[in-house]
Amino acid sequence: MPVVVVDPQVFDGPSAPAVLAALVDELGGDPTLLCFDGDWPPGIEVDPSTRTSLRRLPALSVAVACPDPAVAAAFDLAVVDADALAPLRVGFEQAPYASVSAALLLRDAPDDTWAGLVAESGTYSLLQAGPEFRRWLASRCAPRPAREDDAERVTVERRGAIHEIVLTRGERHNAFDARMRDQLHAVLRDLAAVDGPIVVRGDGPSFSSGGDLAEFGSSAGPVQSHVLRVTRSVAMLLSDLAPRLVVALHGACIGAGIELPAFASRVIAADTARFALPELKLGLVPGAGGTVSIRRRIGRAFLLELLLSGRTIDTATARRSGLVDEVVPLAQLRDRAYAIAESMT
Amino acid sequence: MPNNLGKRYTCAECEATVLVTKAGDGALECHGKAMEILQAKPLPSSD
């Protein structure tokens, strides 16, 4: 898993596209982290053909200590110094194929939700068939066997003009399994036919810890999963309902537990909420729509940084980045969600 | 009970399935009994 350091002096003068093309030949198809680290030539401009070359790099590109933000934005990531790069480099080395795939997916993500979801699902399924996910499956402790419980995963109640959807698998931190997906899909489809604001919240200690790990590795195959994912897409329905959707988050909001809420036009979080995207550690990318929804909220560079580091962020960082719109004390979460929903009527 | 657009109903007696293409009030009956709403088939995990 090569990490290649390139002197930013390559951007001084008109030869950058040729140098980058030669560099790509050298990579030979290996998933690579390209660090542009060194003295940046003063006053450089990234001309259109260099910009195109950077956009077409089949590698994860990082600008280290680039003084010009406009130049830094032409790379997948920009970090202030080598120390800031270290945790991202660890993430890359754990899953180089997933890292490069994530960079490629985010770099040219389409604006259209459906197109973005199809692209994300395709990448996710490729990685399901890849060596990194397989290694993760083999290395993990045997998961708790998926309990065949018939309990309802979701309830819907109507309070005046507002519908409230509650995730009811609180004892499992609302782990998102196929049953929850199916029930949520059915409920959202019903609500699409009814006017009025919709509040979504979770029972128990967390909004949602994300995909149910007990189900990971259970799919019939990557291509079957791809078609299945875009057949029953909760993300697509949430995106359609977004203007009248208020999501109230608390506790763990991990993976799908933040990817899905991020579609809502109003995302409020209790001060207890924390957020992380651990997919890359499994050799995967987000698969519940996060490369569309979270990218729109926080931008591609910060999303990629969260994926590579796998770090958990608190509500202050989430608020500052735009991942959530508002932070309130836990005791006020539900009331505040209702107040916002009321204002939508 | 209002019949929602896109909902499917089946008859317990025969093979008849109805897809609601225009929402409205009223109940759907077949063979003298209320038709049952058809839920979407549970699908496996995609993970």
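The sequence lines fix the lettering, A, B, ..., with proteins before strands; numbering per chain opens at 1.
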**Report entry** Student check: side-chain heavy atoms of B:P44 and A:L228 closer than 4.5 Å
**Finding:** yes
Report summary line: Here the pair of heavy atoms bringing A:S225 nearest to B:S46 is OG-O, 3.2 Å
Query - Non-hydrogen side-chain atoms of A:R181 and B:L43 separated by less than 4.5 Å - result: yes
Report task. Give a yes or no on this: more than 12 heavy atoms of other residues, nucleotides or ligands lie within 6.0 Å of atom CZ of A:R296. Result -> yes
Report task. Could you list the residues that satisfy salt bridge (Lys or Arg N to Asp or Glu O under 4.0 Å) with A:D112, not counting sequence neighbours? Result -> none
Report task. Measure from the side-chain N and O atoms of B:D47 to the backbone N and O of A:G217, and report whether any donor-acceptor pair falls under 3.5 Å. Result -> no
Query raised in the report: Relative to chain B, which of A:R229, A:R232, A:Q128 shows the most heavy atom pairs under 4.5 Å?
Result: A:R232
Query raised in the report: Can A:D182 and B:K41 be counted as an ion pair, charged N to O under 4.0 angstrom?
Result: no
Query raised in the report: For chain B, which residues from residues 191-198 of chain A lie under 4.5 Å away (heavy-atom distances)?
Result: none
Query raised in the report: What distance separates B:Q39 CD from A:Q183 CD, expressed to the nearest 0.5 Å?
Result: 9.5 Å
